[in-house]
Number of protein chains: 2
Amino acid sequence: MNTTASHLISVAAKQFAEKGYSGASMRSIANAAGTTQAAIYHHFSNKNALYLAVLARHFDAKSSDMADDLAQVSDPEKRLKILVHRLLELVEEDEQFRQLYFRELLETDEERLRVLADNVFGELAVTLTELLKELAPRMDSHLMLLSLGGLVCHHLEARKLSPFLPGGKRKHQQLDVLAEHITELLLHGVQRS
Amino acid sequence: MNTTASHLISVAAKQFAEKGYSGASMRSIANAAGTTQAAIYHHFSNKNALYLAVLARHFDAKSSDMADDLAQVSDPEKRLKILVHRLLELVEEDEQFRQLYFRELLETDEERLRVLADNVFGELAVTLTELLKELAPRMDSHLMLLSLGGLVCHHLEARKLSPFLPGGKRKHQQLDVLAEHITELLLHGVQRS
DNA sequence: GTCTATAAGCCGATAGAC
DNA sequence: GTCTATCGGCTTATAGAC
């Protein structure tokens, strides 16, 4: 695999995630990668091709071995607990994934949304949907997928905002506190007797 | 109130929401507003000031009379149902609010996040937090606010993506289907007997 | 309060040397 | 495969007429 192109993708991913497509320039990407702007065009035909390469890498192979881990546990409650925890870890450790996902959500280009769904959500979404069907047979599994994804991503992305919101405390930054809240909400809702 | 400045803010809001800060140019905003780029500088000192004016308007006075509507209903279950419905309507009808909110979430500038929290979430967040304390006394009200906001905003924003995800059907676009799903999830979780 | 004109600089992309 | 140089165009912002 071409090492230079691969390195360019890594650097570009960081910049696209942080600054958005139009906020990141070929020049600044080249500088951060220690090369020149013109050199990028040897590896990618244009800026959009570079961006698509970034998406292809970061929205791929994210399925992880979640299904295998869950297969060992039989109690549904514990299974959901593990699922939420794994998913939070997965999405937390890859900040770029989260940022790129939210940026793509704001995109209106339909083909780009399709690429997003097929790649990210290709394997991972199918795995998750199957797990959710088992764990929540009573609920619409498609909407559950969106609820779970929304809860996990929004809680993580809103961590920066949390301190300024009513009741925001330090403990609300902790991953296990978030995991417990989401799990409890998903399992029993707000009204457990 | 200056009508020209006000009109500029409206036009700018649309463009910033759709294309982001660096994607929207002073020229394109001026063109859409039917004036010239230089004229904007008579009303706003620079691009950032225009952007802040957009945020100030769109993240303000969004509290609505949700609290009043809810005060008339005593049954907690119905109260939550109404809350979710109202919130979905509120956030659905103002697409720009949603887009600007997600874009600001991606922002790292701490002062900007503070402005966001104080303005948007100033009044509305306090109202919602109070309501959530009543409706979900067992749960952490701060995390509940983030869960509720995340569910509502993510479901609405992911509507474009939904058709490409596993199990996505036309009915999942309907506001009342989303409302029922979110309400059910919040009330009882996934495991109601 | 809006215009034209322009400054100074960054943008994506290409040409061609090495 | 990477460089320098450059093109045409667009960017924010300002100057000054009306």
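These numbers come from a predicted model, not from an experiment. Residue numbers begin at 1 in each chain, while the letters A, B, ... track the order of the sequences.
Of all heavy-atom pairs between B:A24 and B:K19, the closest is N-CB, 4.0 Å.
Counting any heavy atom pair closer than 4.0 Å across all strands shown, B:A39 reaches sugar-phosphate atoms only and no base atom. B:S25 comes within 4.0 angstrom of sugar-phosphate atoms only, judged by non-hydrogen atoms across all strands, and of no base. Heavy atoms of B:A24 sit under 4.0 angstrom from primed sugar atoms or phosphate atoms, though from no base atom.
Counting to the nearest Å, the P atom of D:dA5 and the OH atom of A:Y41 are 19 Å from each other. What separates CG of B:N48 from P of D:dT11 is a distance of 18 Å, to the nearest Å. Per the geometry, CG belonging to A:N31 stands 11 Å off P belonging to C:dC10, to the nearest Å. The nearest whole Å value for the distance from the CE atom in A:M26 to the P atom in D:dT2 is 14 Å. The interatomic distance linking B:L8 (CG) with C:dT2 (C1') rounds to 11 Å, in whole Å. Per the geometry, CZ belonging to B:F44 stands 18 Å off C1' belonging to D:dT14, to the nearest Å. Rounded to whole angstrom, the span from the CG atom of B:N46 across to the P atom of D:dT14 amounts to 8 Å. Distance, A:Q37 CD to C:dC11 C1': 8 Å, rounded to whole Å.
Within the structure, a side-chain polar atom (N or O) of A:H43 is placed less than 4.0 Å from OP1 or OP2 of D:dT2. OP1 or OP2 of C:dG1 sits under 4.0 Å from a side-chain N or O of B:H42. Side-chain N/O atoms of A:T4 include one lying less than 4.0 angstrom from OP1 or OP2 on D:dT2. For B:T36, no side-chain nitrogen or oxygen approaches OP1 or OP2 of C:dT2 to under 4.0 Å.
Mapping A:T35 and A:R27 onto DNA chain D via the closest heavy atom, the residue that lands nearer the 5' end is A:T35. Residue A:G23 is the one, among A:G23 and A:S45, whose nearest nucleotide of DNA chain C lies closer to the 5' end (criterion: closest heavy atom).
Here B:R159 does not pair with B:E95 in a salt bridge; the nearest charged N to carboxylate O distance is not below 4.0 Å. Comment: B:E111 does not engage B:R114 in a salt bridge, judged by the lack of any side-chain N to carboxylate O separation of less than 4.0 angstrom.
Side-chain proximity of A:A38 to the nucleotides D:dC3, C:dG12, D:dT12 is greatest for D:dC3.
Within 6.0 Å of atom NZ in A:K81, 12 or fewer heavy atoms from other residues, nucleotides or ligands are found, so the atom counts as exposed in its surroundings.
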Inset, instruction - May I have the step-by-step check of side chain to side chain contact (heavy atoms under 4.5 Å, CB included) for B:E104 and B:F59, ending in yes or no? - result: CA-CA 11 Å; B:E104 283 302 297; B:F59 288 158; 4.2 Å; yes
